[in-house]
Each structure stands twice: as structure tokens, then as C-alpha cells.
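What follows is a short report on a single structure.
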Amino acid sequence: MTILVTGAAGFIGSNFVLDWLTQSTEEVVSLDLLTYAGNLQNLSSLNKNPHHHFVKGNIGDRNLVSELLKKYQVRAIVNFAAESHVDRSIHEPKDFIETNIVGAYNLLESARNYWNGLDQNLKQDFRFLHISSDEVYGSLDFTDPPSNEKDPYKPNSPYSASKAASDHLVRAWFQTYTLPILTVNSANNYGPYQFPEKLIPLCILNALNGKPLPIYGDGQQIRDWLYVKDHSAAIREILKHGQIGETYNVGGWNEKTSLEVVETLCAILDELKPKSDGKSYADQITFVKDRPGHDRRYAIDASKLERDLGWRLQETFETGLRKTVLWYLENRAWMNHVVSDQYQDWVQKQYS
Ligand code: NAD
Ligand code: DAU
């Protein structure tokens, strides 16, 4: 049997598929619309792998999804497909509503129709695993405990509101139709193949190109940073042993301000790729206008996942960030490929 992975050419999706195929002989169908954030190069090492099938398409295309579910006898859907960048959602929320809410609804309906037609054993084994974000819990005060699965939703950006809406739909499809769903709310991921619009890859790219490293506002916004392969491992565990209808939070127990993240990154670059003038990359740090409605703090309580499923982090922030920086240094061709005219337009719009 096969799993269907949506958004598989994006950052977390591609890491998940690459990791999955090193661990399992179960086939993967990767479905991705290849928006600006999707990149087939992320999956190019699988070009000759007979266990991997790539299909370009929209999660909202019910005919296509239904056909794929039947053709490959899919036993689980892992839904990564989304518009994922908060700053883009502030400039133009429309695509976030269309993919993250309407697309998720259509995917749920395709899954429900397919699942209803399965025989009892296959029906029991089927899973719809939805990937969501810690941003749905909203901004925490500095003294608040990290967000757990029972906390109320208080999304503040168009992006997080659209993810919250999709989580509610997923929950409703379980409560109303008993579709066997699982929801995963994760903290900020970092690692290989992340598009350079997000803080860490953007700063690696700008540092190497001698450009400013833009820090929004005072740089004291806290995020909980999780190495992407620790997230992949959590998803595999949740798919295997997670309890149907449940939500699992995945985090790195690793709260850092944006400024701390960029300073650590600069220190690693200073060591691995010293500048010819002997100066530090940290000299390129520049404070810029803040993000509207910028959430001050996210933090995830991952103890349910640890307690119930035995998941443990494999990377510390220092080891994960070092691996990430090394990956970008060794993959300049990948970076040059994704930095298109369209990307330059975005940088101009956001930072000029
Ligand atoms: P990404 O932007 O790198 O990738 C998203 C992928 O989805 C792209 O390949 C894109 O082409 C594809 N896509 C977009 N719309 C589609 C559609 N309608 N149909 C099919 N494919 C479509 O995002 P990411 O960082 O890999 O995030 C993946 C998922 O994880 C998202 O749901 C995001 O909300 C969630 N998430 C991300 C983080 C993070 O730190 N990056 C943290 C928590 C949760
Ligand atoms: O928390 C999980 C979320 O993490 C995911 O759901 C989102 O898909 C993902 O994009 C990410 O959202 P953030 O907004 O936290 O990530 P980003 O990398 O855009 O920003 C991280 C922090 O760094 C945030 O406080 C804003 C700040 N920042 C970001 C950029 C792009 C800057 O200071 N300068 C920048 O140029």
C-alpha cells in the first residue's frame, strides 16, 4: 500500500518523504501544486526510486485526488500542502484562504468518499494526518507555560487563522463523520531545503551575499525551534501509534529570540566560512520595521508526544543549526536555483 503526501515538494514535506523512503518500503505518492515554494529539486534524489511517484496537482482538485487514492490504494494521507509564510499572508491573504481552508475541505471530502468505500479492514487502518502549526494558539506572555493540546485557539495572522480553520474542519470530520484523523501542531522548523523567505535560510543567503540580515522590531520575539528531521520522526510515530482523533504538539524545547538565532547563525558562519576581511557576519545585522501584529512568543509543550509515543529529540539547537548551515554551504546550486526573479520581487516588496 501507499501513503499520499501533499505539499511534498516544499520544505517539511520533502524532508519527510526523503526520510520516509530511507525507513520504509511502503510507496509514496507526492502531490504538489509546485507554487513558488514547491521545488522538484528537493525530491530529485528520488528520480529513479520505483517507490516514489510525483504528481503535480492541487489538493482542492477532487477528481485528481480521488483518482490517486483509488489508483494507489492509499492507506494514509499526510497533508503538508499549504501557503506557509506569515508575511505573505499579510500582503495577500487570498491564497491562504483558498489552499489552507477550501483546499483542506476538498481534501477531507475526497478522503471521506474514498474511506467510505473501503472494506472494513482497510477502513480501520486508514489515517488522515493533518500538519498544522503552534501559531494557532496565538502569542504567549513570557510567564505563560508552553502551549499544550488543550489550550484554546487564538490565531492572530491571516496565515494562523487559516491554519486554525483547517484544524477545526479536520476535527469536525472526525466528530461528525468518524474519519480517522490525527492533527500535528508543530513549532518553527529549520533544516535543509527551506525556502529563503523564512528567517534562518534568508539570513544564511544574505550573510553569504554581504547583504543586511533583517531583524523585525526589537528582535526579542521568541520562537521554539525544531530541527525538521525530528519533526519527520514525530510524524512517523504519530502515524503509526497515534490515537485516532487526537492532536499532538511537536516542539524543540528550545525557545530563542530572533536576535539570538541570527547571532548563533553568524557565529557558526564565522567559523565555517570566515569573511575575507576578518569581520563577523553579525556586523550585517540590521533592525527593520516590525511585522504587523507580530506574535511575541510561541512555545510548545511536547510532553504528550514524549509520554504517550516515546518520541525524543535527536538534535540540540547547536547541532541542528550547524547541520543546516553546512547543508546550505554545500548546496549553493540549490540556493541559486530557488532565488528566481519572482523571489527578488518578493524581497523587494517585503524589505525595500
Ligand atoms: P512550504 O511553503 O515550504 O511548502 C508548502 C508546499 O505546499 C509547497 O511545495 C507548495 O507548492 C505546496 N502547495 C501549496 N498549495 C498547494 C495546493 N493547493 N495543492 C498542493 N500543493 C500545494 O511549507 P512548509 O514550511 O514545508 O510547511 C508545510 C506544512 O507545515 C504547512 O502546512 C505549514 O503550515 C506547516 N508548518 C510549518 C512550519 C514551519 O516552520 N515551516 C511549522 C509548523 C507547521
Ligand atoms: O511557528 C510555526 C510557524 O513558523 C509555521 O507555522 C510557519 O509556516 C512558519 O513560516 C514559521 O512562522 P514564523 O513567522 O515564526 O517564521 P519566520 O521564519 O517567518 O519568522 C521567524 C521569526 O523571525 C519571527 O519572529 C519573525 C522574525 N523575522 C522573520 C523574517 C522573515 C525577522 O526578524 N526577520 C525576517 O526577515
Side-chain angles (χ1 to χ4, degrees), residues 5-16 30-40 42-43 55-61 64-65 78-90 95-96 98-100 102-104 106-107 130-137 139 147 155 157 159-160 162-163 166-167 184-191 193-203 206 212-226 228 231 235 249-251 256-259 261-262 285-291 294-300 338 347 350-351:
V5 180
T6 72
F11 162 50
I12 309 178
S14 61
N15 276 285
F16 175 79
S30 288
L31 174 67
D32 197 296
L33 190 56
L34 297 180
T35 67
Y36 78 92
N39 181 0
L40 266 183
N42 298 3
L43 300 170
V55 179
K56 181 177 175 188
N58 195 324
I59 54 166
D61 182 343
L64 172 66
V65 173
V78 184
N79 180 33
F80 292 98
E83 289 295 330
S84 71
H85 192 36
V86 174
D87 293 320
R88 288 186 192 254
S89 83
I90 294 167
D95 288 348
F96 291 73
E98 276 173 7
T99 287
N100 300 2
V102 182
N106 280 307
L107 186 65
H130 177 62
I131 304 295
S132 191
S133 167
D134 61 1
E135 302 210 3
V136 298
Y137 298 116
S139 194
S147 304
S157 72
Y159 162 73
S160 54
S162 69
K163 292 299 289 184
S166 67
D167 295 7
V184 176
N185 292 87
S186 125
N188 281 60
N189 285 222
Y190 66 96
Y193 301 110
Q194 188 168 29
F195 191 73
E197 62 186 355
K198 308 283 165 64
L199 181 68
I200 289 179
L202 173 82
C203 287
N206 284 10
L213 312 182
I215 302 282
Y216 296 161
D218 60 6
Q220 294 308 307
Q221 301 81 14
I222 292 172
R223 297 291 181 268
D224 178 354
W225 295 93
L226 172 70
V228 66
H231 190 190
I235 297 167
N249 281 358
V250 191
K256 299 265 182 264
T257 66
S258 309
L259 191 56
V261 168
V262 177
I285 290 176
T286 310
F287 290 89
V288 300
K289 193 161 81 81
D290 207 353
R291 173 186 280 173
H294 198 169
D295 284 340
R296 288 299 279 183
R297 174 176 171 238
Y298 305 137
I300 274 287
V338 298
V347 170
Q350 175 66 6
Y351 296 99

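Residues take their numbers from the sequence shown, with the count starting at 1. Both counts, for ligands and for their atoms, begin at 1 and track the order of listing. All of these numbers come straight from a predicted model, not from anything done at the bench. Scope of the values below: all heavy atoms of this structure, side chains included, with no hydrogens, waters or symmetry mates.
Distance from atom 25 (O) of ligand 2 to its nearest protein heavy atom, with residue and atom name: His294 NE2, 2.8 Å. Among protein heavy atoms, atom 33 (O) of ligand 2 sits closest to Tyr216 N, 2.8 Å. Scanning the protein for heavy atoms near atom 1 (O) of ligand 2, the closest one is Asp134 OD1, 2.5 Å. Summary of contacts: the protein heavy atom closest to atom 16 (O) of ligand 2 is Asn188 ND2, 3.4 Å. Of the protein's heavy atoms, Glu135 OE2, 3.0 Å lies nearest to atom 3 (C) of ligand 2. Of the protein's heavy atoms, Arg291 NH2, 3.9 Å lies nearest to atom 20 (O) of ligand 2. Regarding atom 34 (N) of ligand 2, its nearest protein heavy-atom neighbour is Pro214 O, 2.8 Å. Annotation: atom 22 (C) of ligand 2 to nearest protein heavy atom, Ser258 OG, 3.8 Å.
For Tyr159, the ring-ring contact (aromatic ring centres under 6.0 Å, His included) criterion is met by no residue, not counting sequence neighbours. Listed by chain and residue number, Tyr153 satisfy the ring-ring contact (aromatic ring centres under 6.0 Å, His included) test with Tyr137 (two or more places apart in sequence, or in another chain). Residues satisfying the salt bridge (Lys or Arg N to Asp or Glu O under 4.0 Å) criterion with Asp87, sequence neighbours excluded, are Arg291.
Applying the 4.0 Å criterion to heavy atoms of Glu197 picks out, from ligand 2, the atoms 31 (C). Near Tyr159, with a cut-off below 4.0 Å to any heavy atom, the atoms of ligand 2 are 5 (C), 6 (O), 7 (C), 8 (O). Atoms of ligand 2 found under 4.0 Å from any heavy atom of His85 (numbered from 1 in listed order, with element): 19 (O). Close contacts of ligand 2 with Leu202, meaning ligand atoms under 4.0 Å from a residue heavy atom, involve 36 (O). Every atom of ligand 2 is numbered from 1 in the order shown, and the set under 4.0 Å from a heavy atom of Ile215 is 33 (O). Shown in contact with Gln221 at under 4.0 Å from a heavy atom are these atoms of ligand 2, numbered in order with element: 25 (O). Interface of Lys198 with ligand 2, defined as ligand atoms under 4.0 Å from a residue heavy atom, comprises 10 (O), 18 (O).
Annotation: Ala187 places no N or O atom under 3.5 Å from an N or O atom of ligand 2; distance criterion only. Polar contact with ligand 2: present for Ser133 (N/O pair, distance under 3.5 Å). In terms of polar-atom proximity, Val86 is not counted as a contact of ligand 2, lacking any N or O under 3.5 Å from an N or O of the ligand. Considering backbone and side-chain atoms alike, Tyr351 places an N or O below 3.5 Å from some N or O of ligand 2. Between Ser84 and ligand 2, a contact under 3.5 Å exists for at least one N or O pair.
In terms of heavy-atom proximity, Pro212 sits nearest to Thr286 at CB-OG1, 3.3 Å. In plain terms, the two heavy atoms of Pro214 and Leu202 that are nearest each other are CG-CD2, 3.8 Å.
Here OG of Ser166 is found 3.0 Å from NE2 of His130. Values are rounded to the nearest 0.5 Å. To the nearest 0.5 Å, the span separating SG on Cys203 from CG on Leu213 amounts to 5.0 Å. We find the CD-CD1 distance between Gln350 and Ile90 to be 7.5 Å, quoted to the nearest 0.5 Å.
Listed by chain and number, residues touching ligand 1 at under 4.0 Å (heavy atoms only) are Gly7, Ala9, Gly10, Phe11, Ile12, Asp32, Leu33, Leu34, Thr35, Ala37, Gly38, Gly57, Asn58, Ile59, Phe80, Ala81, Ala82, Ser84, Thr99, Ile131, Ser132, Ser133, Tyr159, Lys163, Ser186, Ala187, Asn188, Asn189.
The aromatic rings of His294 and Tyr216 lie perpendicular to each other, with more than 60° between the two planes, well past the 30° mark.
Geometrically, Arg223 does not engage Tyr190 in a cation-pi contact defined by less than 6.0 Å to the ring centre and at most 45° from the axis.
Counting heavy atoms from C-beta outward, Leu64 and Val55 have side chains that approach closer than 4.5 Å.
Salt-bridge check for Arg297 with Asp134: failed, with every basic side-chain N at 4.0 Å or more from each acidic carboxylate O.
Side-chain atoms of Asp167 and Asn185 include a donor-acceptor pair closer than 3.5 Å.
Residue contacts with ligand 2, taken as heavy atom pairs separated by less than 4.0 Å, do not involve Lys163 at all.
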